[in-house]
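The figures that follow rest on heavy atoms only: side chains count, while hydrogens, waters and symmetry mates do not. Whatever order the structure lists them in is the order used to number ligands and atoms, beginning at 1. Position 1 is the first residue of the sequence, and the numbers go up from there. Remember, predicted model here, so these are calculated numbers, not experimental data.
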Amino acid sequence: MAENQLISTIKYVAATKPAFFLSEIIPYLDKPLPVDQVFSIISPKLSDWGLTAIKSKGDFEIVRTPPPQKYLMSREELERQQAFFTERTIPAPLAQGIEKYIAKKVGKDWNDPVIIERLRRAIVSQKDDYWKPSHKRSLQYIKGYSVLGYLAYHFPVYFIQTEHLLLKLAHDGLLKKGMTILDVGTGPGVVPLAIADFYSRLDAAEATIYSVERSEEHIEAFTYLRDTLVPKGGRVSIKPPIKADIRSQDIPRLPEKIDLVIFSNVLNELADATMESRADIVTHIAGNLAPDGSILIVEPADEENATRMRSLTIALHNKGLSVYCPCSFIWGSTCTAPRCWSFETAPAIRLSQLMETLAHCEDSYRYVNTDIKYSYAILRKDGMRKEDFRVPAGSKYLRLSKLHLHVGKRINVAALKMSGELGDARSHVFKICDGNAKTPVYAVLPSYHITPENDLITSAPYGSVLELRNVLVRYNKAHDAYNLLVSRNTHIHPLPVGKPSSLKHNNKKHFKNPG
Ligand SMILES: C[S@@+](CC[C@H](N)C(=O)[O-])C[C@H]1O[C@@H](n2cnc3c(N)ncnc32)[C@H](O)[C@@H]1O
């Protein structure tokens, strides 16, 4: 009871004064306590209340914690990042580090024909396992070669993919000047090493990176690459990975107040986990997220993993996290993500020397992995969203859930572009979504219909909110999907996009249909 009174008094005073001493509180308590005791009761809660304590001559001054500084890239920093992305290849020291690690592990040159053949076998067996039904998969990374195969085949693409995602975070102001980052299921440290590389082109940003991984072999590779490539005492500090199972309720030594939690290509490896238990793993770890922190989930773009990832996003939304991007529920109601196969793309990377050597054989295509395609979501606790557009009441857009009533008719819709190019040079195809559709919907633009008024559908970035005026509704029976034919009479415009809002997430109030 005394504690409750103390807490409510502190909260009240903090709301009315920007700074105060704990000794000022004591006269208001029914049972006065020494300052030190007051401090020990409230100190674990201070950061949640947005307060900081400063020790001062036997007392504590309580002040409002200044909002963390966003890291905004300067023009020079942006140019350096762009120069990196133009190269489309992993940095040379990293490529050499991987080759040296392979040589160290196998006790021969990395390009010894016997070693190259073993790496090929490891890659093929890993891919075979990946394409098994998820409950039959057995990826454990216990054998050394499974990790060496991962380094040769998966690492380069996932490394550059992570850098693209970091650029998105930076553009959106989701990187802070100093950050605590947790990478869950880090493997050989793809994400931490990509962060260190991205930050090496920033002037003043700092990050402390923690990670969780259960495979000894991955941890060994990660530690080698970290020690070889990341300077000690620099602006990025990569802590030794925590060896643990991410399904555990009690992962040791997790940092508190994490600014960014990343799950990159890991949740799909929890073969027998239900959607609910995957969501529980994310929310459990998100318990340590800072109030203004972000969760980034990335999964492969194949249909099974991408659609599951989208369902997981909705499950997490239903558990109280808000979707920052790429989804935006523009009609106000939360979607159920039925069959939502949506993914982002980036330019293919160039072959590393190692991959080129692996591909120097008959079935070369089996060893070449250069396409960047990924399904991702950023979630938050504070309700902030990237796109704030909501369909205004009384507007004349048709909800995508009503398309079945308008087959053969011309209509107007408001929707997000939710894919890169799914068609070809003759007929451009893009997935679109307004958060209502029960059946997948695609905008289809035959190339001979392209005009300056409609080609925004090809150039708009993934996740943009667009207005499509005068599109013809067609039902595609073979795929149980609707196509909206974009013709030369169609006009496509960006829709007004507000600033990210920080409204508290509240399913009932916040997502009331305005229209
Ligand atoms: C496909 S790798 C992804 C590595 C890295 N995040 C990336 O994007 O390249 C998945 C990693 O998650 C780890 N992992 C899978 N299940 C795990 C679990 N239950 N606990 C801890 N780590 C796990 C695997 O050992 C592996 O290193």
Side-chain angles (χ1 to χ4, degrees), residues 90 94 98 122-123 125-127 129-132 134-135 137-166 181-198 209-226 238 240-254 260-274 277-278 280-282 284-285 295-302 304-305 308-309 344 346 349 369 371-376:
I90 60 171
L94 176 56
I98 291 174
I123 291 167
S125 107
Q126 219 165 81
K127 288 208 286 186
D129 194 67
Y130 180 85
W131 290 113
K132 283 182 190 160
S134 52
H135 63 281
R137 288 166 63 184
S138 60
L139 269 176
Q140 291 285 329
Y141 306 101
I142 294 167
K143 292 190 186 138
Y145 265 96
S146 62
V147 170
L148 301 185
Y150 195 88
L151 289 171
Y153 185 81
H154 288 102
F155 191 113
V157 158
Y158 288 155
F159 181 90
I160 296 191
Q161 176 175 303
T162 306
E163 301 234 24
H164 279 287
L165 285 157
L166 290 167
I181 303 176
L182 175 69
D183 181 35
V184 183
T186 194
V190 175
V191 168
L193 294 165
I195 296 171
D197 186 56
F198 188 88
I209 310 172
Y210 296 80
S211 58
V212 183
E213 174 55 55
R214 69 172 172 192
S215 148
E216 287 283 3
E217 286 289 339
H218 267 310
I219 291 177
E220 187 186 335
F222 180 6
T223 309
Y224 176 89
L225 293 172
R226 178 195 71 156
I238 303 184
I242 300 164
K243 184 171 185 323
D245 192 311
I246 64 169
R247 291 167 296 189
S248 155
Q249 287 292 304
D250 195 18
I251 303 174
R253 303 187 306 285
L254 277 188
L260 175 63
V261 180
I262 302 178
F263 295 83
S264 170
N265 302 307
V266 57
L267 293 169
N268 74 83
E269 290 207 352
L270 305 174
D272 43 13
T274 60
S277 55
R278 285 177 198 202
D280 284 343
I281 291 169
V282 176
H284 176 67
I285 293 177
I295 302 168
L296 169 61
I297 304 178
V298 194
E299 290 283 54
D302 62 273
E304 183 181 346
N305 284 311
R308 279 193 186 191
M309 137 83 212
E344 169 73 297
I349 64 164
N369 184 22
D371 286 353
I372 301 189
K373 290 184 179 173
Y374 56 96
S375 179
Y376 81 100

I need the contact type for [X] against ligand 1. Using non-hydrogen atoms and a strict under-4.0 Å cut-off, is it side chain, backbone, both or neither?
X	answer
Ala244	backbone
Tyr150	side chain
Asp245	both
Arg214	both

Short N/O distance, under 3.5 Å, between [X] and ligand 1?
X	value
Glu213	yes
Asn265	yes
Ser264	yes
Leu270	no
Val266	no

Worksheet entry | Parallel, tilted or perpendicular, as decided by the 30° and 60° cut-offs, for the rings of Tyr374 and Tyr376 | tilted
Worksheet entry | Asn305 versus Glu299, side-chain donor and acceptor atoms under 3.5 Å | no
Practice prompt. First locate atom CD1 of Ile251, then atom CD1 of Ile285, and finally report the distance between them rounded to the nearest 0.5 Å.
Written response: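 Nearest 0.5 Å value for the CD1-CD1 distance: 4.0 Å.
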Response to the item:
Contacts of Val266 meeting side chain to side chain contact (heavy atoms under 4.5 Å, CB included) (sequence neighbours excluded), chain-then-number -> Ile246, Phe263
Between the main-chain N or O of [Y] and the side-chain N or O of [X], is there a donor-acceptor pair closer than 3.5 Å?
X	Y	value
Arg278	Leu270	yes
Glu213	Gly187	yes
Arg253	Ile242	no

Discussion item. Against ligand 1, does Arg247 come closer than 4.0 Å with any heavy atom?
Written reply: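 The answer is yes: ligand 1 sits under 4.0 Å from a heavy atom of Arg247.
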Worksheet item: Which option out of Gly185, Ala221, Pro241 puts a heavy atom nearest to atom 5 (C) of ligand 1?
Response: Gly185
Worksheet item: What about His218 and Tyr150, are their ring centers closer than 6.0 Å?
Response: yes
